[in-house]
Structures are given as structure tokens and as C-alpha cells.
Number of protein chains: 2
Amino acid sequence: MSFADAFQKYIKSPEKFPSIIKYHDDNVIIIRDLFPKSVCHYLVIPRSNEITHIHPLDAFYKDYSNITGQELYDLMETYVTKAKDLIIEDLKGMFNKCELNNLKLQEFKNSFIKVGVHSIPSLRNLHIHVITSDFESPSMKHKKHYNSFNTDFFVGFDKLNPMLNKRYQTIVSRSGPAGGEEDYASDSTNSEDDNIYDDYGDDQIEYVSHIRNEGMLMNIIKQSPLKCQSCGKSFGNKFQELKKHLHEEYLTKYGQFDNFDHDNIVQYYEDRPR
Amino acid sequence: MSFADAFQKYIKSPEKFPSIIKYHDDNVIIIRDLFPKSVCHYLVIPRSNEITHIHPLDAFYKDYSNITGQELYDLMETYVTKAKDLIIEDLKGMFNKCELNNLKLQEFKNSFIKVGVHSIPSLRNLHIHVITSDFESPSMKHKKHYNSFNTDFFVGFDKLNPMLNKRYQTIVSRSGPAGGEEDYASDSTNSEDDNIYDDYGDDQIEYVSHIRNEGMLMNIIKQSPLKCQSCGKSFGNKFQELKKHLHEEYLTKYGQFDNFDHDNIVQYYEDRPR
DNA sequence: TATTCCGATAGTGAC
DNA sequence: GTCACTATCGGAATGAG
């Protein structure tokens, strides 16, 4: 068992690690990332042996003995929501008397939490990241950390919905490899799933363009200039300057909450389970 | 006054720095390098304002108001000998009762001390390095330190003898730029300085080939693989491995002396004036 | 090529 | 692509009154 199988013992015997595992049932465990790259950083990890070693870009596109890919996706979506709720609870804990902030917390939950997977996971057990977008953390230590969440190396959970891939298959099977946008536009008129397809307009053409070439992906996280996803400012290769900037962004973002206290966040890191 | 003029105050007022300056008279000061790159590392620094800012590769090739280049070279040679004697005194001090080692010390003096200049000095005042060949020192910290003494970037004092350049000039003036080895061989028969030229045979043809191109010189110290000048072993860019090897070579070399004690050498560094 | 400080870059080993 | 550790490599500032 190498480092890459670090989650194996958790999904096998969650009851043995009560301090680490925030939630578990027969389907998943939810844990805090041991090296969180943001103030809040959770992982949703399916427990099934049949599923755990499937590549994250394939996991929801195939069917299993007891569950279809679509059903697995929908199921995981419920656990992602649970992880988001854990984040909200964390925030309430950090800011103490936050009853007045519930509206802001909802907005926060809906727009400031990223959910998705790494195109090349280092840890082999399938896991879904649920992470706040501050990237303010002592464990955020170099360019690859940041770019693995802020480039195409990171694939949003919504882009993994097999419904999108199913449509892609439909297009391909009808038009063949040479099919272009015209084929794509034409099939919205005769599919039985029009209502669903209409939810994703032509500007969603990229939905199945997940990069799988490992060299290309490594290049993306190694070579892409560091860019703040909030304000768009680029920092080239100057990671420490990005860190300073992210800290400013973080103070602004979390400062919207009453009782915001940076020391509470620092304490959060010091108290976190190792 | 920038860092590059660090020696200026010493040559102006040597009497103000008695703890740093090991020897001084009207012509030169001799100091220990403040960041010695070997167990023993002295600098011979001419005091004359007329001379001090001449490039080391030119300094002995031109005449001054009160001294010719050749006279300056011969004069500096006497101070180089004095610096070597200071090194011998250092070694005696390190090993304490070394009366029995005088023969070995003479051999050491004649074959283990390098004398010369850097092709691109960082400190502007003309200075001649007189340094033991161990390169065992806490101040030996990176590749450029080592290569600045162990590649063509370092020009031996013997190669700066203007006698050699004078002969080169003779060749060039007689044969023109296209002149080759035939011209070189022919002029030994009709020069009034035959006796001198005969001291440097045809295998000394490289005597004036000092590289002056700055880019080329920078490349030499930056790119040349690290190579032990004692045993010839190459260490590529692995400076720390070279350091370990040099330490072994040093233990062997200095172990030839009675009463060798490595801790004495370490103490030597800790006690050295800063 | 002076030093020192900081930081970016690169390779390793981990059980 | 995990971490932590070591080391290599790269730029920038450096003083004095």
C-alpha cells in the first residue's frame, strides 16, 4: 500500500477513524482533506470496491452491477450537497453568532464552493473535491497546488453528468467522426430529450472536451501562469505574490460576514485533525 | 562606494585595519579573503591608484609612471611568495608541533598552492589569489565558486608574466594575423632574447589564449561540470557531492601531516577575523 | 564572477 | 497528480551621510 492508497483504510473501516471522518454511510465517506488547499476542503469518497479505482472522468459514464452511471452521479450529487452543508456548518462555527448571516451563507454556498475532480488524481481512490474558492491555506504551497484547482486540470462535477456524455454519444453515432456544429444544432429538433438538451445551449459545446493526455495535463498545471480566478489578475510564476493577493481576496470575501475574525480561521487550521 | 570597492578602504589606510591586514608596505597589502574558498586563502592587493583598476589580464602588460609591467610582475611575485609563507605559518599553527614536517610543508608550498586571478573579478581593485587547492571551506557554496578557481576562468599568475606576451607580440608583428606555427618556430633563431624564448617551448603556444569574452567566461563557470582537479572525477552539477568528495580529498591531503586534527581546522574558521 | 535573502524549479523517496 | 526534504538555479538588493 503506497501513499496513493491513503484513502483505502478509511473506506474499508470508517468506524475506526471517527476523528477524521465527518460523515459515512454504506455508500460514501466524507472527510476533510488532510492538507486542505482552502479554508474549507472536503472530499466525497465512494466506498464501493467496484467503483473506487475507476478514473474520475470515466466513473459516471459506465454502469456497475448494482447501479448505473447516472444513478451514481445523482447519488454523489446528494453527498456533494451534504459536504457543502458541512462547509456551511464550519463557517458558522468559525464566526460564532452568525444567525444573521444565513442569506449570505446561502449565496456563499451557491457561488463560492467548487466541486469537481482532478484529471490526474494522485490518490487512487475515486474522490470528489468540495472546496471553497479562497485557496487560502498553509497547505497551498506551490503552483501545481493552485493550478490543479484553477485550470482545465480541474473538471467541475457538473461537467461529469453522464447526461452530457450521452448526448455526445448521440451526436457521434448520428453524424460520424466528421460531424460538426451543424449536426449538433440539427438534433435538438428531433430528440425525445429536447427539454434536457435545451438546458445546455450551443455555448456548452465544450462539455465533453476533457483533456486526457497526461503530458498536456502536466503542462497545464506546471506551465499555466498563476491567475486569480476572482479578479483575473495574473501573477506569472510568482507564487508568493499570488499568495499575498489571495489573502487580500480572502479578507474581502470573508469580511462580508459579521463577526469575521481572521484569528478564528488560523485557529481552525491549528485545531484541524491531522 | 559599492560592494565592488570593498578593498578600497584597506589599500587607502591599511593601518586602520590591523586585524584584517596580515601584511602591508607601500606597495601592497596582503589579507585573508573574508570568505575563504579553501583552508588558506590570501589576497595580494597592490596599493597604487594607477594600478588598482587595471584589469588583471592587462595589469602586467603595460607600463606605469614609476614601474614597468615586467617590474610590477616581478615585484608581485615576491609578495606572492610572502603570501605562501603566511600559508605555511598558518599550517604550522594549525598542527602545532610541526617541526618534523618542514620537508612536507615545502612540497605542499610548491605544488598545492594556486596563484592567479579571476578573468572577471567581482571586486574592482586588482587582487591576486593565493589559495590552497583543497577548496574545503564553509564559504565554498556553489558551482561558480568552485569553477572560478578550477576552469580557464582562473588564470595562473605564471601565465601573466609579460615576458610571454612580449614574445607573442613579436610573433604577431613579424608574421601578421595569418601567422602560424612556422613563423613561431622561425623567430627563435634571430631574436636577441633567444635564451628567454627557449625557456618556453612549442608546447607553450597557449600562453596568451586568455579568454576575454564575458559571455563565454560566464558560461565556463556556470556550465562546466564540477570536476575534482586532484583525481579527475566529475560530479556534473551535483555540488553537494563534490563537497563530500573534496572533504575526503582534504582528509587525505592534510592527513599527511603529523598532529593533523580536523577540529583544529574547523576552529580556524570559527576564529578567523570577519 | 562579492554576499545574502528570497523564491522558483527539480528530483528523491515514501511502504 | 500526495507529502516532505534536499538541492539547484535565478533574480534583487547591497552604502553612506
Side-chain angles (χ1 to χ4, degrees), chain A residues 1-9 33-37 43 55-57 117-125 127 129 138-149 151 153-155 211-212 214-223 225-226 235-244 274, chain B residues 1-9 33-37 43 55-56 117-125 127 129 138-155 211 214-224 226 235-244 274:
Chain A
M1 296 277 278
S2 84
F3 70 87
D5 300 302
F7 297 150
Q8 190 61 41
K9 59 182 182 297
D33 193 298
L34 262 63
F35 302 91
K37 303 305 187 293
L43 302 174
H55 190 281
L57 299 182
V117 301
H118 286 163
S119 291
I120 306 177
S122 277
L123 303 184
R124 282 192 275 259
N125 297 285
H127 54 284
H129 294 270
S139 294
M140 174 64 69
K141 291 185 174 175
H142 51 67
K143 177 192 267 195
K144 285 198 278 190
H145 283 154
Y146 184 78
N147 279 349
S148 72
F149 288 99
T151 64
F153 187 89
F154 186 84
V155 177
I211 300 164
R212 288 168 180 268
E214 292 209 3
M216 201 178 299
L217 288 163
M218 296 304 285
N219 255 6
I220 284 173
I221 54 169
K222 198 164 54 176
Q223 308 291 351
L226 296 160
F235 296 86
N237 296 334
K238 293 176 180 175
F239 183 78
Q240 293 307 316
E241 291 193 11
L242 171 73
K243 287 278 286 184
K244 284 174 198 155
R274 306 279 178 165
Chain B
M1 297 276 280
S2 86
F3 67 88
D5 300 302
F7 296 149
Q8 191 63 41
K9 59 183 181 298
D33 192 297
L34 261 64
F35 302 92
K37 302 306 186 294
L43 302 174
H55 190 282
V117 301
H118 286 162
S119 291
I120 306 177
S122 277
L123 302 184
R124 283 191 275 260
N125 296 286
H127 53 285
H129 294 271
S139 295
M140 173 63 68
K141 291 185 175 176
H142 51 67
K143 179 192 264 196
K144 286 197 278 190
H145 283 154
Y146 184 78
N147 279 349
S148 72
F149 288 100
N150 292 285
T151 64
D152 285 343
F153 188 90
F154 187 85
V155 177
I211 302 165
E214 291 208 3
M216 199 179 301
L217 288 163
M218 298 302 284
N219 256 4
I220 284 173
I221 55 170
K222 196 164 57 177
Q223 308 290 352
S224 298
L226 296 160
F235 296 86
N237 297 332
K238 295 177 179 174
F239 184 78
Q240 293 307 315
E241 292 194 12
L242 171 73
K243 288 277 285 185
K244 283 174 199 155
R274 306 277 176 165

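The chains referred to below are lettered A, B, ... by the order of the sequence lines, with proteins before strands, and numbering in each begins at 1.
Between His118(A) and Phe153(A), the ring planes are tilted. Angles from 30° to 60° get that label. In this pair, His142(A) and His145(A) present their aromatic rings parallel. The plane angle is below 30°, not in the 30 to 60° band.
Across all strands, His145(A) comes closer than 4.0 Å only to sugar-phosphate atoms, never to a base (heavy-atom distances). Counting non-hydrogen atoms under 4.0 angstrom, His118(B) reaches the backbone sugars and phosphates but no base. When heavy atoms are screened at a 4.0 angstrom cut-off, Ser148(B) is found touching the sugar-phosphate backbone but no base atom. Among the atoms of the strands shown, none is found under 4.0 Å from any heavy atom of His142(A). Heavy atoms of Leu217(B) sit nowhere under 4.0 angstrom from any nucleic acid atom.
Nucleotides dT4(C) and dG17(D) are separated by 24 Å at their C1' atoms, to the nearest Å. Rounded to whole Å, the separation between the P atoms of dC5(C) and dG15(D) comes to 13 Å.
Considering only the side chain of Lys37(A), dC3(D) comes nearest among dC3(D), dT3(C), dA8(C). When distances run from any side-chain atom of Leu123(B) to the nucleotides dT3(C), dC9(D), dA2(C), the shortest one goes to dA2(C). Taking only side-chain atoms of Phe35(B), from C-beta outward, the nucleotide of dC3(D), dT4(C), dG10(D) with the closest atom is dT4(C). Closest to the side chain of Gln240(B), out of dA7(D), dT3(C), dT2(D), is dA7(D).
Going from atom NZ of Lys222(A) over to atom P of dG11(C) covers 8 Å, rounded to whole Å. The separation between Met1(B) atom CE and dT3(C) atom C1' is 17 Å, rounded to whole Å. If you measure from atom CZ of Phe239(B) to atom C1' of dT8(D), you get 11 Å, rounded to the nearest angstrom. Atom P of nucleotide dT2(D) and atom CG of Leu43(A) are separated by 12 Å, given to the nearest angstrom. One can place CD of Glu241(B) at 15 Å from P of dT6(D), the figure rounded to the nearest angstrom. The distance between atom NZ of Lys9(B) and atom P of dA2(C), rounded to the nearest whole Å, is 16 Å. When rounded to the nearest whole Å, the span between CG of Asn219(B) and C1' of dC9(D) equals 15 Å. Between Met140(A) atom CE and dT2(D) atom P the separation is 10 Å, expressed in whole Å.
Residue-nucleotide stacking is not present for Phe3(B) and dG15(D), judged by a side-chain ring centre under 5.5 Å from the six-membered base ring centre and planes under 30° apart.
At dT4(C), one or more side-chain N or O atoms of Lys141(B) fall inside 4.0 Å of OP1 or OP2 (strictly under the cut-off). Contact between the side-chain N/O atoms of Asn237(A) and the OP1/OP2 oxygens of dG7(C) is not found at any separation under 4.0 Å. Of the side-chain N and O atoms in His127(A), none sit less than 4.0 angstrom from OP1 or OP2 of dT2(D).
Expressed to the nearest 0.5 Å, how far CZ of Phe149(A) lies from NZ of Lys37(A) amounts to 6.0 Å.
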- Message: With side-chain contact (heavy atoms from CB on, under 4.5 Å) as the criterion, how do Ile220(B) and Asn147(B) come out once you've worked through the C-alpha distance, each side chain's angles and the decisive distance to 0.1 Å?
- Response: CA-CA 8 Å; Ile220(B) 284 173; Asn147(B) 279 349; 5.9 Å; no
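Under the 4.5 Å side-chain criterion, counting only non-hydrogen atoms from C-beta, Lys243(B) is not in contact with Tyr146(B).
Scanning all heavy atoms of the two residues, the minimum distance from His129(B) to Val117(B) falls at CD2-CA, 4.4 Å.
dA8(C) is paired with dT8(D) under the criterion used here, namely a Watson-Crick or G-U wobble arrangement in which both key atom distances are under 3.5 Å.
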